[in-house]
Amino acid sequence: MDNRAIAAMLDEIADMLEVLGDNPFKVRAYRRLAAYVDHLDTELREIHARGGLGDIPGVGKALRAKLEEMLETGDLAYYRRLRERVPPGVLEMLAIPGLGPRKVGLIYSQTGISSLDELYRAAQEKRLRQIPGLGGKTEFNIKKGIDMLRSLGREVTLGTALPRALQLRDYLAEMPQVEAVEIVGSIRRGKPLVGDVDLLVASSDEAAVREKVRKYRRVLEVDREGPGYIHGRLELGLEFEVIVVAPGDFYRSLLLCTGSRAHREKMVEAMRGVDLRGVDSEQAIYQRLAMQYVPPELREDRGEIERAREGTLPSLVTVEDLRGDLHVHTDWSDGGSNLREMAEAARARGYRYLAVTDHSQSLAVSRGLDVERLRSQVEEIRALNREWTDFRLLTGIEVDILRDGSLDLPDEVLAGLDVVIASIHSHFRLSREEQTARLEAAIRNPHVDIIGHLTGRLLVRRPGYEVDVDRVLRLAREHRTALEINAHPDRLDIDEETARRACQAGVRVAICSDAHHRADLDLVSYGVLSARRGWVGRSDVLNAMELDELLAYLGTSGGDAG
DNA sequence: GCCGTTTTCGGCCCGACTGTTTTCAGTCG
């Protein structure tokens with residue numbers, strides 16, 4: 001088992017223990033280990049080989065034995081036993097908003113209901129309210145929640161699909177018969193939600209490629225197969241299709257398999273009658289069509305084909321353009337890495353600066369900083385900054401926007417920080433007017449530089465709260481407040497559409513990882529993909545600025561002031 | 001489950017809101 005699989009199993013164990021009403025601290029032990037393993041940059045297998053499992057924080061005798069069993073046998077008896085007591089369908093109920101482990105456990109033990117379909121029927125037939133502790137309101141919310149889950153469909157986030165697509169790509173790339181292999185379809189376009197993993201392979205031995213796919217250990221089943229293609233499901237039920245073409249057809253196929261349907265139809269039209277023999281890249285094809293190269297993220301038929309013909313496509317922001325990250329957490333609040341680790345990870349990425357923006361006091365669960373602790377953190381940051389000449393930690397906070405729109409820390413404290421992000425973390429159910437008024441108050445605060453994750457959406461889990469985006473954009477422009485593109489693949493908030501409108505409106509965006517661990521700085525690439533899909537250019541991006549320029553923009557004095 | 005010790009047990013982030021109660025349990029962030 002690899003780290004990803006082990007982390008998933010540990011998390012599932014935690015879910016099952018919770019439903020069974022086991023000791024919450026035991027549950028936390030499993031969750032903490034799952035998160036740790038998920039962030040590990042070494043395979044547990046290697047750590048095991050050198051006998052280091054016991055040195056992992058939070059691993060004692062019991063967890064160590066379980067890790068060993070997983071690594072050595074690829075299975076875990078304890079997990080199997082729990083599965084017998086808690087069917088998978090019961091765990092799916094945890095995704096329903098408002099339904100936690102206790103209520104799920106109650107429903108299962110009282111009724112034996114073990115799937116979403118059964119649960120939905122029971123809610124419709126008003127049978128749930130008969131369970132002591134549940135009422136009509138919960139019943140209604142369960143129905144609404146299942147409707148919401150169904151509307152989300154079978155799509156998964158890019159954060160789930162892309163790593164698996166890369167694994168399959170690398171697996172196929174090992175074959176000597178494979179001349180080229182690329183991820184295509186919506187993943188290549190960087191769509192935040194994708195329904196399947198599509199790969200294009202160039203090979204003259206397509207039967208061998210299909211055979212290799214069938215033998216891939218992460219393939220659950222193959223359901224369709226024929227000359228030139230093989231289709232089935234990977235882990236998590238994720239659909240995949242591998243298309244095999246002759247090497248001479250690769251780049252034309254690559255272009256046609258990447259764009260959205262509407263984009264593809266227009267390109268087929270454009271290619272009609274054009275001699276594409278001998279092209280050795282997508283760029284060469286566009287050239288023969290007298291078009292600018294269209295980056296995959298733009299291939300949605302939103303005007304990019306016309307602009308490419310005119311030669312007026314924008315130059316899109318790249319990961320390499322970013323000079324720093326302006327939204328990260330450390331172990332001062334709910335992050336998993338300390339200041340130095342975060343700083344070193346940022347330096348290793350080639351960043352010139354990193355703003356430390358831990359949570360503020362009202363977010364108690366995250367050990368949010370009060371004025372005193374913030375002051376201590378700032379001191380530690382100043383001390384650390386003496387160590388580098390090529391890099392700078394910026395002081396900052398992700399300050400909570402309270403219910404009435406006021407901020408969680410006094411103005412004079414915010415004034416002393418390099419970067420202030422204001423975010424909503426509570427009262428999601430207010431009306432559009434109330435929500436927008438809170439944001440307006442935050443934007444009008446002269447110390448606020450960036451509004452964090454504007455809508456609070458969590459992809460595949462929860463829609464964002466209602467916001468008057470037009471009004472926010474007008475205010476943001478007026479007050480030179482940037483909007484964050486929160487790069488976490490579960491958020492991607494603001495979305496690409498809003499990002500495009502922001503840039504058209506002259507509002508800057510900040511593409512930030514919201515990393516809670518040093519390994520998560522890399523998540524920024526998802527935000528860049530989303531930004532590119534929103535036609536965002538380098539000059540639109542706050543953290544593409546050099547340090548001096550940024551500090552001038554933020555209105556701080558640059559040196560060690562404050 | 002782990003951990004640390006003032007060392008083999010007792011503590012392990014918490015505060016607000018919701019829906020169900022009628023004084024509180026469960027969920028969420």
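Throughout, protein chains are lettered first and strands after them, A, B, ... in sequence-line order, and every chain is numbered starting at 1.
Here A:Ser426 does not reach the OP1 or OP2 of B:dC28: none of its side-chain N or O atoms lies under 4.0 Å away. At the phosphate of B:dC2, neither OP1 nor OP2 sits under 4.0 Å from any side-chain N or O atom of A:Arg64. Put simply, A:Lys103 has no side-chain N or O that comes within less than 4.0 Å of OP1 or OP2 on B:dG19. Note on A:His427: a side-chain N or O is less than 4.0 Å away from OP1 or OP2 of B:dC17.
Using a 4.0 Å heavy-atom distance criterion, A:Gly54 is classed as making no nucleic acid contact. When heavy atoms are screened at a 4.0 angstrom cut-off, A:Arg102 is found touching the sugar-phosphate backbone but no base atom. Among the heavy atoms of the strands lying under 4.0 Å from A:Tyr78 are primed sugar atoms or P, OP1, OP2 only; no base atom is included. Residue contacts for A:Leu99: at a heavy-atom cut-off of 4.0 Å it reaches the sugar-phosphate backbone alone, with no base atom in range. Contacts of A:Pro97 with the nucleic acid, taken as non-hydrogen atoms under 4.0 Å apart, involve only primed sugar atoms and P, OP1 or OP2. Nucleic acid contact for A:Leu17: none, since no nucleic acid atom lies under 4.0 Å from a heavy atom of the residue.
If you take atom P in B:dT20 and the same atom in B:dG15, they sit 26 Å apart, rounded to whole Å. When the C1' atom is used for both B:dC2 and B:dC13, the distance is 16 Å, rounded to whole Å. The separation of B:dT5 from B:dG11, taken at their P atoms, amounts to 16 Å, rounded to a whole angstrom.
The environment of CZ in A:Arg477 is sparse: at most 12 heavy-atom neighbours from other residues, nucleotides or ligands sit within 6.0 Å. Heavy-atom contacts from other residues, nucleotides or ligands closer than 6.0 Å to CZ of A:Arg150 number more than 12.
Along DNA chain B, the nucleotide nearest A:Asn23 and the nucleotide nearest A:Lys137 are compared for position; the residue whose nucleotide lies closer to the 5' end is A:Asn23. Nearer to the 5' terminus of DNA chain B, by closest-nucleotide assignment, is the contact made by A:Ile131 (compared with the other of A:Leu458 and A:Ile131).
Rounded to an integer number of Å, the gap from A:Phe25 CZ to B:dC14 P is 9 Å. The NE2 atom of A:His425 sits 16 Å away from the C1' atom of B:dC14 (whole-angstrom rounding). The CD1 atom of A:Ile96 sits 20 Å away from the P atom of B:dT18 (whole-angstrom rounding). Atom CE in A:Met16 sits roughly 12 Å away from atom P in B:dG1 (whole-Å rounding). As rounded to whole Å, 12 Å separates atom P of B:dG1 from atom CG of A:Leu33. Residue A:Asn141 contributes atom CG, which lies 8 Å from atom P of B:dT20 at whole-angstrom precision. For the pair A:Met93 CE and B:dT27 C1', the interatomic distance rounds to 17 Å; values are reported in whole Å.
Between A:Arg501 and A:Asp470 there is a salt bridge, since at least one side-chain N of the basic residue sits less than 4.0 Å from a carboxylate O of the acidic one. Salt-bridge formation is not detected for the pair A:Lys143/A:Glu139: no Lys NZ or Arg NE/NH1/NH2 atom is positioned less than 4.0 Å from an Asp or Glu carboxylate oxygen. Ion pairing of A:Lys191 with A:Glu496 is absent here, as no side-chain N (NZ or NE/NH1/NH2) approaches a carboxylate O to less than 4.0 Å. Using a 4.0 Å cut-off between a side-chain N of Lys or Arg and a carboxylate O of Asp or Glu, A:Arg64 and A:Asp55 do not qualify as a salt bridge. Ion pairing of A:Asp522 with A:Arg349 is present here, as a side-chain N (NZ or NE/NH1/NH2) and a carboxylate O approach within less than 4.0 Å.
Contacts of residues 328-335 of chain A with DNA chain B (heavy atom under 4.0 Å): none. In the region residues 56-63 of chain A, proximity to DNA chain B at under 4.0 angstrom, judged on heavy atoms, holds for A:Gly58, A:Val59, A:Gly60, A:Lys61, A:Ala62, A:Leu63.
Using bins of under 30°, 30° to 60° and over 60° for the plane-to-plane angle, the ring pair A:His359/A:His516 lands in the tilted bin. Ring-plane geometry between A:Tyr78 and A:Tyr30 is classed as parallel, the angle between the planes falling under 30 degrees on a 0 to 90 degree scale with a further cut at 60.
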Verify side-chain hydrogen bond (donor to acceptor under 3.5 Å, both in side chains) between A:His329 and A:Glu398, making sure each step is shown before the conclusion.
CA-CA 9 Å; A:His329 298 267; A:Glu398 181 183 15; 3.1 Å; yes

Should A:Asp411 and A:Asn445 be marked as a side-chain hydrogen bond (donor to acceptor under 3.5 Å, both in side chains) after you check the CA-CA gap, both sets of side-chain angles, and the distance that decides it?
CA-CA 8 Å; A:Asp411 277 2; A:Asn445 184 304; 2.9 Å; yes

